**Student:** 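Please find one structure pasted underneath; my questions will follow.
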Amino acid sequence: MVLGTYKNAVSARATDKAIQKVSQDGGIVTALLSYALEEKIIEGAVVAGPSETPWKPEPLVALTSDEIISAAGTKYTFSPNVWALKEAVRSYGLEKVGTVAIPCQLQGIRKTQSYPFATRFVADKIKLIVGIFCMENFPYASLQTLINEKLNSSLSLTEKMDIGKGKFWSYTQDEELALPLKDTHGYEQAGCNICKDYTAELSDVSTGSVGSADGWSTVLTRTDAGESIFTKAVDAGIIETKDIADVKPGLPLLEKLSNSKKTKADAEIKSRIELGLPVPF
Ligand SMILES: Cc1cc2nc3c(=O)[nH]c(=O)nc-3n(C[C@H](O)[C@H](O)[C@H](O)COP(=O)(O)OP(=O)(O)OC[C@H]3O[C@@H](n4cnc5c(N)ncnc54)[C@H](O)[C@@H]3O)c2cc1C
Ligand code: SF4
């Protein structure tokens, strides 16, 4: 299946206006992790928190909803959240941990759950993983080049970044700047070119912007735990949903992009093998 195994697909958004204001899309990650915390399904969540350097995330073990909200929004560079899961259990003593993860991080987390090598007593404490869709990611130096040099702006003035409609967008208080994606190619992390997972196939609940209208998110519930918490959050009025079949562009676009990521990665893997380069598959 091009989107991985899932139970239900919907278009959704958080109903809380404070979350809507700071979230990247429909605020599903923030709303679900906060709800899980309130319901004591988790005792804390590892998120990509802010740091002193603009747009350079630092993993944060969030113990309150306010801390989870402080990490809302997409940072288009790496946040070593997987490392902080160990910290959450070993230093904070959490027994039930939630987290947000891009697909490659999810693969790492699921591997530690199958083979808890150096993660003994950590892997079984991870109770909820909200996965986010990911086409590519950028080293921090690339982000600096894109914003400072290509867009003649500055990371400290940037209030939001987004990738969509074929462009890389940067918003400041009074400007909306855009770069065609052909100008960002080559700046992404090289490893992303052999990554075959677009929709965070190994998550409990996956979410991203593609498929839904602005301010809304596409959500795939995948595991029993993910389906159960998402349904509870909808029933409690924390999240509102629309039938994805009534939403344009809906799942066909998500399927198309997921398929194209897998096909491109297969071609790149083949060519790296032919060149004698190592590939991790
Ligand atoms: C590198 C990257 C590429 C993406 N590419 C796509 C794409 O091609 N198509 C698509 O539909 N969606 C993509 N997304 C996902 C999208 O940008 C949103 O993150 C997602 O829709 C969640 O929005 P939200 O409003 O529910 O989240 P919010 O409520 O705003 O919360 C966002 C959560 O993501 C976490 N986060 C932010 N940056 C990172 C990071 N670098 N690594 C790990 N966690 C992070 C934050 O800690 C926060 O908890 C990408 C995200 C990232 C990080
Ligand atoms: S494209 Fe794949 S390897 Fe690159 S950051 Fe996204 S999930 Fe990770």
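Predicted model only: the values in this text are computed from it and were never measured. Both ligands and their constituent atoms are indexed starting at 1 by order of listing. For reference, positions follow the sequence shown, starting with 1.
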**Student:** For atom 53 (C) of ligand 1, what's the nearest protein heavy-atom neighbour? Residue, atom name and distance, please.
**Tutor:**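 The answer is T74 CG2, 3.5 Å.
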**Student:** Closer than 4.0 angstrom, basic N to acidic O: yes or no for E255 and K261?
**Tutor:**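 No, no charged N to carboxylate O under 4.0 Å.
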**Student:** Do the side chains of K232 and E39 get close enough for a salt bridge, i.e. N-O under 4.0 angstrom?
**Tutor:** no
**Student:** I need the atoms of ligand 1 closer than 4.0 Å to a non-hydrogen atom of G26, numbered in the order shown.
**Tutor:**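 Selected atoms, number and element: 25 (O).
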**Student:** Checking contacts here: is it the side chain or the backbone of E188 that comes within 4.0 Å of ligand 2, counting heavy atoms only? Could be both or neither.
**Tutor:**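 For E188, there is no contact with ligand 2 at all, from either part.
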**Student:** Okay, side chain of E58, backbone of S51: is any donor-acceptor separation there less than 3.5 Å?
**Tutor:** no
**Student:** Could you tell me the residue and atom name of the protein heavy atom closest to atom 40 (C) of ligand 1, and the distance to it rounded to 0.1 Å?
**Tutor:** K75 O, 3.8 Å
**Student:** For D214, does the CG atom have more than 12 heavy-atom neighbours from other residues, nucleotides or ligands under 6.0 Å away?
**Tutor:** no
**Student:** Which of the atoms in ligand 1, numbered in the order shown and given with their element, are less than 4.0 Å from a heavy-atom of A72?
**Tutor:**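 Those qualifying, in numeric order: 30 (O), 31 (O).
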**Student:** Just to be sure I'm reading this right: ignoring hydrogens, which of P59, G164, A48 gets closest to atom 39 (C) of ligand 1? Compare them by their nearest heavy atoms.
**Tutor:**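 When every heavy atom of P59, G164, A48 is considered, A48 comes closest to atom 39 (C) of ligand 1.
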**Student:** Under 3.5 Å, is there a donor-acceptor pair linking the side chains of Q113 and D124?
**Tutor:** no
**Student:** Any N or O of T30 that comes nearer than 3.5 Å to an N or O of ligand 1?
**Tutor:**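 Yes, there is a polar N/O contact under 3.5 Å.
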**Student:** May I ask you to check whether T207 has an N/O atom sitting below 3.5 Å from an N/O atom of ligand 1?
**Tutor:**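 No: no nitrogen or oxygen of T207 is under 3.5 Å from one in ligand 1.
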**Student:** Do any N/O atoms on G49 end up under 3.5 angstrom from N/O atoms on ligand 1?
**Tutor:**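 No - when backbone and side-chain N and O of G49 are compared with those of ligand 1, no distance drops under 3.5 Å.
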**Student:** Considering only heavy atoms of M135, which atoms of ligand 2 have at least one such atom less than 4.0 Å away?
**Tutor:** 1 (S)
**Student:** Less than 3.5 Å apart, any donor N or O on the side chain of R222 or T199 sitting next to an acceptor on the other?
**Tutor:** yes
**Student:** Just to confirm my output: which protein heavy-atom neighbour is closest to atom 2 (Fe) of ligand 2, and how far is it?
**Tutor:**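 Nearest protein contact, heavy atoms only, for atom 2 (Fe) of ligand 2 is C195 SG, 2.3 Å.
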**Student:** More than 12 foreign heavy atoms under 6.0 Å from NZ of K270: is that the case here?
**Tutor:** no
**Student:** Number the atoms of ligand 1 from 1 as they appear, then name those within less than 4.0 Å of a heavy atom of N137, with their elements.
**Tutor:** 1 (C)
**Student:** Taking the side chain as everything from C-beta on, heavy atoms only, tell me whether V130 gets closer than 4.5 Å to T99.
**Tutor:** no
**Student:** Is the shortest N/O to N/O distance between V22 and ligand 1 below 3.5 Å?
**Tutor:**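 Looking only at distances, the answer is no, because the N/O contact criterion of under 3.5 Å is not met.
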**Student:** Does K111 have more than 12 heavy atoms from other residues, nucleotides or ligands lying within 6.0 Å of its NZ?
**Tutor:**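 12 or below, so no.
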**Student:** Taking only heavy atoms of V47 into account, list the atoms of ligand 1 that are under 4.0 Å away from them.
**Tutor:** 47 (O), 49 (O)
**Student:** Is there at least one pair of N or O atoms, one from Q24 and one from ligand 1, spaced under 3.5 Å apart?
**Tutor:**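 Min N/O separation from ligand 1 is below 3.5 Å for Q24.
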**Student:** For A36 and I229, which heavy atoms make the closest approach, and how far apart are they?
**Tutor:**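 Nearest pair, atom of A36 first, then I229: CB-CD1, 3.4 Å.
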**Student:** List ligand 1 atoms under 4.0 Å from V100, heavy atoms only on the residue side.
**Tutor:** 34 (O), 35 (C), 47 (O), 49 (O)
**Student:** At what distance is the nearest protein heavy atom to atom 5 (S) of ligand 2, and which residue and atom is it?
**Tutor:**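 That would be N137 CB, 3.4 Å.
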**Student:** Where does K261 meet ligand 2, judged by heavy-atom distances below 4.0 Å: at the side chain, the backbone, both, or neither?
**Tutor:** side chain
**Student:** Would D25 count as a polar contact of ligand 1, with the cut-off being nitrogen or oxygen pairs under 3.5 Å?
**Tutor:**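 The answer is yes, given that D25 and ligand 1 share an N or O pair closer than 3.5 Å.
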**Student:** Just checking, is any N or O donor in the side chain of T64 or D66 under 3.5 Å from an acceptor N or O on the other one?
**Tutor:**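 T64 vs D66: no donor-acceptor pair found between side chains.
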**Student:** Could you list the atoms of ligand 2 found under 4.0 angstrom from a heavy atom of I102?
**Tutor:** 5 (S)
**Student:** For ligand 1, which atoms sit closer than 4.0 Å to a heavy atom of N81?
**Tutor:** 43 (C), 44 (N)
**Student:** Other residues, nucleotides and ligands only: do more than 12 of their heavy atoms fall within 6.0 Å of NZ on K167?
**Tutor:**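 No, not enclosed.
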**Student:** Taking all heavy atoms of I68 and all of A62, pick out the closest pair and write down the distance.
**Tutor:** CG1-CB, 3.7 Å
**Student:** Show me which atoms of ligand 2 lie under 4.0 Å from any heavy atom of E136.
**Tutor:**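 Every atom of ligand 2 under 4.0 Å from some heavy atom of E136: 1 (S).
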**Student:** May I ask you to identify the nearest protein heavy atom to atom 7 (S) of ligand 2, giving residue, atom name and distance to one decimal place in Å?
**Tutor:**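 Protein heavy atom with the smallest distance to atom 7 (S) of ligand 2: C104 N, 3.3 Å.
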**Student:** Can you confirm whether the side chains of T218 and S212 place a donor and an acceptor under 3.5 Å from each other?
**Tutor:** yes
**Student:** Would you check whether I163 reaches within less than 4.0 Å of ligand 1, judged by its heavy atoms?
**Tutor:**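 It does not, in that no heavy atom of I163 comes within the 4.0 Å cut-off of ligand 1.
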**Student:** Where the side chain of K262 meets the backbone of C195, is there a donor-acceptor pair that is under 3.5 Å apart?
**Tutor:** no
**Student:** Working note: V219 + V205, criterion side chain to side chain contact (heavy atoms under 4.5 Å, CB included); need CA distance, chi angles, decisive distance, verdict.
**Tutor:** CA-CA 7 Å; V219 179; V205 179; 3.6 Å; yes
**Student:** At a threshold of 2.8 Å, where the distance has to be below it, does atom 2 (Fe) of ligand 2 have an N, O or S atom of C192 nearby?
**Tutor:** no
**Student:** State if G73 counts as touching ligand 1 under the rule of any non-hydrogen atom under 4.0 Å.
**Tutor:** yes
**Student:** Under 4.0 Å from a heavy atom of C134: give me the atoms of ligand 2 that qualify, with their elements.
**Tutor:**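 Near C134, meaning under 4.0 Å from one of its heavy atoms, ligand 2 has 1 (S), 5 (S), 6 (Fe), 7 (S).
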**Student:** As an exercise, identify every atom of ligand 1 less than 4.0 angstrom from a heavy atom of T77.
**Tutor:**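 Near T77, meaning under 4.0 Å from one of its heavy atoms, ligand 1 has 40 (C), 41 (N).
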**Student:** Yes or no: does F78 have any heavy atom under 4.0 Å from an atom of ligand 1?
**Tutor:** no
